[in-house]
There are 2 protein chains.
Amino acid sequence: MGRWEPDAAGRLREAAMALYAEQGFDGTTVADIADRAGVTARTFFRHFVDKREVLFAGSEELQRRMVDALTGAPRDAEPMDAITIALLAAAELFADRRDHSRRRQAVIAATPELREREFIKMASLVTAFTEALRQRGVEPDTASLAAETGIAVFRVAFERWVTGPEDADLADVMRGTLADLSELTA
Amino acid sequence: MGRWEPDAAGRLREAAMALYAEQGFDGTTVADIADRAGVTARTFFRHFVDKREVLFAGSEELQRRMVDALTGAPRDAEPMDAITIALLAAAELFADRRDHSRRRQAVIAATPELREREFIKMASLVTAFTEALRQRGVEPDTASLAAETGIAVFRVAFERWVTGPEDADLADVMRGTLADLSELTA
DNA sequence: TACTTGATGTCATCGAGTGACATCGGAGGT
DNA sequence: ACCTCCGATGTCACTCGATGACATCAAGTA
């Protein structure tokens, strides 16, 4: 056993999530979070670059999986088909975490600063998608448009999922949203 | 003539834009901006809620015009047609400011914090579009998807315009991007 | 034992952002 | 012409987010 309790980052994440939900983001200081996690504020900033990032720890993982799925799609798949595969890969990651996702979304939705951070994560996904599509040989302009559109679908589907019926399957919602899109733009 | 030079907000906007371009966003303090504008830092925060907002002064105007255009679209226009009208209204606003738009975009693109702020402005547009579409009688789910897609097109088109040939017409680029979208999702 | 490593604590400091109060020129009323 | 109120700004003090420099100490290793 080390000199301190293990998994300080995990404790900080939980403390932050709880406090943001209880007192709001603005009403919570980094010192509050650190106290609850049993460390100092300085340690908080060694684990997370800022007060927002503590809620977005899993985002690299999500991006990596989606991009891998996109890259691994059949060579002859059309852009939007490859995007679909990536969206379904994301659905797997969230499938058994609907409750946690809901609570997290509630906190984020309530705080403009956190929404900003979420948007930039989405933008990072767009960039990664664009790049992956170009690697597949998709024309640059088409790639960025497909990427942007794909993330729009992701956002809408996710929103539908967390606000919809409890037993809904995220993958189904993704497919349904994609179908709505082609109808809309027909 | 008043006790102070008039249009402090305007001077602050210009000073901020110039300094962010010269020294970067992080390398510029609010005190720097205020000094150049001939006021105190406290005054900066009376005009802008934070250090980022100074670059987004015109965004309410943009949103108002686009929503008005969307609301004013013919009653029988399909959702994406109404969206198109709104995008063309935005194009008018930027038509003669391509150079300024380019410089501003360059600064924003170089700074994650500013990109975050830009994204939330776009999100605000999505919300406003969604609401306006629902007012037109569009089904809620369709409305949010159309809004999200419309803003995606706006973003892509704007990007194409500022990076493309100097004499390109933003309205044409918007139409072209929309055409690309329907082809993509066909 | 002695040395190294890594995670944390401590201390000092800068900059963003805010509340409270002071200042003073100008507009409008008398 | 005088007075009063108002609004934009200045001044001061303070909290909090964020970072650099240095100290500490348990555990692993030679």
Side-chain angles (χ1 to χ4, degrees), chain A residues 1-57 107-108 110-118 120-121, chain B residues 1-57 107-108 110-118 120-121:
Chain A
M1 185 175 62
R3 204 168 143 203
W4 300 276
E5 291 296 307
D7 193 24
R11 295 200 313 278
L12 284 165
R13 273 196 298 274
E14 285 176 30
M17 177 77 176
L19 288 170
Y20 292 169
E22 287 170 23
Q23 322 174 334
F25 179 82
D26 291 331
T28 304
T29 69
V30 172
D32 291 341
I33 302 169
D35 280 351
R36 180 175 293 206
V39 296
T40 64
R42 190 68 185 85
T43 293
F44 178 96
F45 289 108
R46 288 206 178 87
H47 288 277
F48 306 100
V49 297
D50 63 38
K51 196 184 160 189
R52 309 173 193 174
E53 199 65 16
V54 66
L55 282 194
F56 296 89
V107 170
I108 293 174
T111 311
E113 293 187 61
L114 291 173
R115 303 212 309 136
E116 288 187 341
R117 179 56 49 88
E118 172 151 76
I120 211 162
K121 297 295 180 186
Chain B
M1 185 174 64
R3 199 165 147 205
W4 298 276
E5 291 297 306
D7 194 24
R11 295 201 313 277
L12 285 165
R13 272 197 298 274
E14 283 176 33
M17 177 76 176
L19 288 170
Y20 293 169
E22 287 170 22
Q23 324 174 338
F25 179 82
D26 290 331
T28 303
T29 69
V30 171
D32 291 340
I33 302 168
D35 280 351
R36 180 175 294 206
V39 295
T40 63
R42 191 68 186 84
T43 292
F44 178 96
F45 290 108
R46 288 204 178 88
H47 288 276
F48 307 99
V49 297
D50 61 40
K51 195 184 161 188
R52 308 174 194 172
E53 198 65 16
V54 67
L55 282 193
F56 297 88
V107 171
I108 292 174
T111 311
E113 292 187 60
L114 291 173
R115 304 213 309 138
E116 288 188 341
R117 180 55 50 88
E118 172 151 76
I120 211 163
K121 297 295 180 186

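Only a predicted model underlies this, so the values are computations on that prediction, with no experimental measurement involved. Letters A, B, ... mirror the listed sequences (proteins, then strands); counts begin at 1.
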Using atom types as modelled and distance alone, determine if a side-chain donor or acceptor of Arg11(A) lies under 3.5 Å from a backbone N or O of Pro6(A).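 Judged by distance alone, yes, a pair lies under 3.5 Å.
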Check whether any side-chain N or O of Asp32(A) sits under 3.5 Å from a backbone N or O of Thr29(A) as a donor-acceptor pair, and report yes or no.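 Checking the backbone N and O of Thr29(A) against the side chain of Asp32(A), a donor-acceptor pair under 3.5 Å is found.
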Tell me which nucleotide among [options] gets nearest to the side chain of [X].
{"X": "Arg3(A)", "options": "dC25(D), dT8(C), dT19(D)", "answer": "dC25(D)"}
{"X": "Lys51(B)", "options": "dG7(D), dA16(C), dG10(D)", "answer": "dA16(C)"}
{"X": "Ala8(A)", "options": "dG15(C), dT24(D), dT8(C)", "answer": "dT8(C)"}
{"X": "Trp4(A)", "options": "dT8(C), dA16(C), dT19(D)", "answer": "dT8(C)"}
{"X": "Arg46(A)", "options": "dT8(C), dA20(C), dG17(D)", "answer": "dT8(C)"}

Quick one: [X] [atom1] to [N] [atom2], roughly how many Å, whole number?
{"X": "Glu113(B)", "N": "dA16(C)", "atom1": "CD", "atom2": "C1'", "value": "10 Å"}
{"X": "Asp26(B)", "N": "dG15(C)", "atom1": "CG", "atom2": "P", "value": "12 Å"}
{"X": "Leu19(A)", "N": "dG17(D)", "atom1": "CG", "atom2": "P", "value": "12 Å"}
{"X": "Phe45(B)", "N": "dT9(D)", "atom1": "CZ", "atom2": "P", "value": "15 Å"}
{"X": "Asp35(B)", "N": "dG10(D)", "atom1": "CG", "atom2": "C1'", "value": "13 Å"}
{"X": "Phe44(A)", "N": "dT19(D)", "atom1": "CZ", "atom2": "P", "value": "11 Å"}
{"X": "Phe25(A)", "N": "dG17(C)", "atom1": "CZ", "atom2": "P", "value": "12 Å"}
{"X": "Ile33(B)", "N": "dA16(C)", "atom1": "CD1", "atom2": "C1'", "value": "11 Å"}

Check the pair Ile108(B), Phe56(B) against side-chain contact (heavy atoms from CB on, under 4.5 Å), reporting the backbone distance first and the verdict last. CA-CA 10 Å; Ile108(B) 292 174; Phe56(B) 297 88; 3.9 Å; yes
Salt bridge (Lys or Arg N to Asp or Glu O under 4.0 Å) partner of Glu116(A), chosen from Arg115(B), Lys121(B), Arg117(B):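 Going through the options one by one, the only one that passes is Arg117(B).
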With a 4.0 Å cut-off on N to O distance, would you call Arg52(A) and Glu118(A) a salt bridge?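 Here Arg52(A) does not pair with Glu118(A) in a salt bridge, since their nearest N and O are not under 4.0 Å apart.
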Arg42(A) or Thr28(A), whichever maps to the more 5' nucleotide of DNA chain D: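 Mapping each residue to its closest nucleotide by heavy atoms, the 5'-most match is Thr28(A).
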Answer yes or no: does a side-chain N or O of [X] lie under 4.0 Å from OP1 or OP2 of [N]?
{"X": "Thr29(B)", "N": "dC14(C)", "result": "no"}
{"X": "Thr43(B)", "N": "dG10(D)", "result": "yes"}
{"X": "Thr40(B)", "N": "dT9(D)", "result": "no"}
{"X": "His47(B)", "N": "dT9(D)", "result": "yes"}

